[in-house]
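Single-structure report; data block below.
Excluded from the calculations below are hydrogen atoms, water molecules and symmetry mates; all remaining heavy atoms, backbone and side chain alike, are included.
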Amino acid sequence: MIRINKELVDYFKDLKTSNTVDCIHKEVFYPGDFLIHQHKKGNTIFIIERGIAKCFVNEDNGRDFIQEFVGEGEILGEIEVFTDTLSFSNVQAITEITAFKVYKSDFYKLLDEHHALNQIVIRAIAVKLRNTAMRASQQQLHPIDYNLKKFMALIANQQLNVSKQDIADYLGITIRSLNRALKNNTENNL
Ligand SMILES: Nc1ncnc2c1ncn2[C@@H]1O[C@@H]2COP(=O)(O)O[C@H]2[C@H]1O
């Protein structure tokens, strides 16, 4: 499912057009470009203005796991900025993306000066935690066929072409298992 956050993107659009701050930069990414690299220090946060990216972890065994598809208004890089650690995952553009980029020190300054932004960011992180926890339990407790069916239904109305590899990486299964599940679902008319 593609996560979005309208209130966050609207807040940044308003700040940018108000011309009261000069620390919000715009950056364009093309499909395949990385916004954030796993295990690297980035020192910036991004807010997606337009476009879709995938957040994924590359495991020691070489396999990728997609944690989430993120779209308009999603904040990226905030974990690294708030915890002063290296990024725990990659963020890669799937479509062309325009994003607001703010350096860490400027982001802290914005949070100091804009009470409303604090609340929006706290809410965004709480929603991420909730979504991530719910997805984890759903994935653990349901069979592959059920999770695949749910995922296909979620992306059906989002006009996004997700590759077979990305679907498999989102469900944490191999392409072979995905093909088997697709066949099962077709045979059972799911
Ligand atoms: N499950 C998730 N939901 C939303 N965003 C995520 C998820 N996992 C990783 N990310 C984003 O990917 C970013 C990678 O860099 P950070 O660790 O700084 O911060 C991470 C989050 O912004």
Side-chain angles (χ1 to χ4, degrees), residues 1-10 29-39 46-80 87-99 120-190:
M1 152 142 206
I2 301 160
R3 306 290 179 190
I4 59 165
N5 187 334
K6 273 297 276 175
E7 67 170 349
L8 195 49
V9 77
D10 287 345
F29 297 91
Y30 297 96
D33 286 353
F34 280 75
L35 287 77
I36 292 175
H37 286 273
Q38 186 177 345
H39 302 321
F46 295 98
I47 309 282
I48 297 181
E49 184 186 26
R50 198 157 20 91
I52 294 163
K54 60 177 178 181
C55 304
F56 68 99
V57 172
N58 181 252
E59 281 293 334
D60 296 345
N61 62 6
R63 286 185 55 188
D64 292 337
F65 177 70
I66 296 181
Q67 288 142 332
E68 206 54 273
F69 292 96
V70 288
E72 185 185 359
E74 283 294 296
I75 184 167
L76 300 165
E78 81 289 2
I79 313 277
E80 175 197 338
S87 286
F88 76 96
S89 69
N90 298 288
V91 181
Q92 187 178 24
I94 293 183
T95 67
E96 185 174 325
I97 286 180
T98 58
I120 294 172
V121 169
I122 290 170
R123 202 152 39 239
I125 295 171
V127 169
K128 273 193 189 195
L129 178 60
R130 180 176 185 273
N131 290 340
T132 305
M134 284 175 66
R135 174 161 140 64
S137 57
Q138 182 197 306
Q139 181 141 333
Q140 289 295 317
L141 299 178
H142 289 284
I144 293 170
D145 293 2
Y146 173 90
N147 287 334
L148 174 62
K149 188 183 147 205
K150 196 152 181 221
F151 177 74
M152 297 307 260
L154 283 171
I155 59 164
N157 49 3
Q158 309 228 7
Q159 295 179 332
L160 178 71
N161 280 332
V162 183
S163 69
K164 256 191 176 181
Q165 187 64 60
D166 278 354
I167 298 174
D169 291 347
Y170 183 82
L171 297 173
I173 59 179
T174 59
I175 287 272
R176 195 156 170 236
S177 303
L178 174 64
N179 283 334
R180 201 177 309 125
L182 284 168
K183 191 163 167 262
N184 280 348
N185 285 4
T186 310
E187 281 171 7
N188 297 324
N189 235 344
L190 291 175

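With values rounded to the nearest 0.5 angstrom, Ile47 atom CD1 is found 8.0 Å from Asn5 atom CG. The CZ atom of Phe151 lies 14.5 Å from the CD1 atom of Ile144; values are rounded to the nearest 0.5 Å. For the atom pair Ile36 CD1 and Ile79 CD1, the distance stands at 9.5 Å (nearest 0.5 Å). Separation of atoms CG (Asn185) and NZ (Lys149) is listed at 8.0 Å; rounding is to 0.5 Å. Interatomic distance, CD of Gln38 versus OG of Ser89, reported as 6.5 Å (0.5 Å rounding). Interatomic distance, Leu148 CG to Ser177 OG, rounded to the nearest 0.5 Å: 11.0 Å.
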Handout entry: Test log, rule side-chain contact (heavy atoms from CB on, under 4.5 Å), inputs Leu171 and Ile167
Key = CA-CA 6 Å; Leu171 297 173; Ile167 298 174; 4.0 Å; yes
Handout entry: Stepwise side-chain contact (heavy atoms from CB on, under 4.5 Å) test for Val70 and Ile48
Key = CA-CA 8 Å; Val70 288; Ile48 297 181; 3.9 Å; yes
Practice task
Apply side-chain contact (heavy atoms from CB on, under 4.5 Å) to Arg135 and Tyr170, showing your working.
Solution key: CA-CA 10 Å; Arg135 174 161 140 64; Tyr170 183 82; 3.4 Å; yes
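At a threshold of 4.0 Å, the pair Lys128-Glu78 counts as salt-bridged, since one of the basic side-chain nitrogens sits closer than that to a carboxylate oxygen.
None of His39, Glu80, Gln67 except one satisfies the side chain to side chain contact (heavy atoms under 4.5 Å, CB included) rule with Phe88; the exception is Gln67. Checking His142, Gln138, Gln139 one by one against Asn147, the side-chain hydrogen bond (donor to acceptor under 3.5 Å, both in side chains) holds for a single residue, Gln138.
Across Asn61 and Arg63, no two heavy atoms sit closer than the pair OD1-N, 3.0 Å. A pairwise comparison of heavy atoms in Leu76 and Cys55 identifies CD2-SG, 4.0 Å as the closest pair. Val9 and Gly73 make their closest contact through CB-CA, 3.5 Å (heavy atoms, listed as atom of the first residue, atom of the second, distance). Shortest non-hydrogen contact noted between Pro31 and Ile94 is CB-O, 3.4 Å. Closest non-hydrogen pair, Phe29 versus Ala93, comes out as CB-CB, 4.3 Å.
With hydrogens and angles ignored, the 3.5 Å screen pairs a side-chain donor or acceptor of Thr95 with a backbone N or O of Ile52. For Glu68 (side chain) and Arg3 (main-chain N/O), no donor-acceptor pair under 3.5 Å exists by modelled atom type. Formation of a donor-acceptor pair under 3.5 Å by the Asn90 side chain with backbone atoms of Phe56 is found in this model. Judged purely by atom type and a 3.5 angstrom limit, Glu72 has no side-chain atom pairing as donor or acceptor with the backbone of Lys6.
A search for side chain to side chain donor-acceptor pair (under 3.5 Å) contacts involving Gln92 returns nothing, not counting sequence neighbours.
Counting non-hydrogen atoms of neighbouring residues, nucleotides and ligands closer than 6.0 angstrom, the CG atom of Asp60 reaches no more than 12 such neighbours. More than 12 heavy-atom neighbours from other residues, nucleotides or ligands sit within 6.0 angstrom of CZ on Arg123.
Sorted by first and then second residue, the salt bridge (charged side-chain N to carboxylate O under 4.0 Å, His left out) pairs with a member in residues 150-178 read Lys54-Asp166; sequence neighbours excluded.
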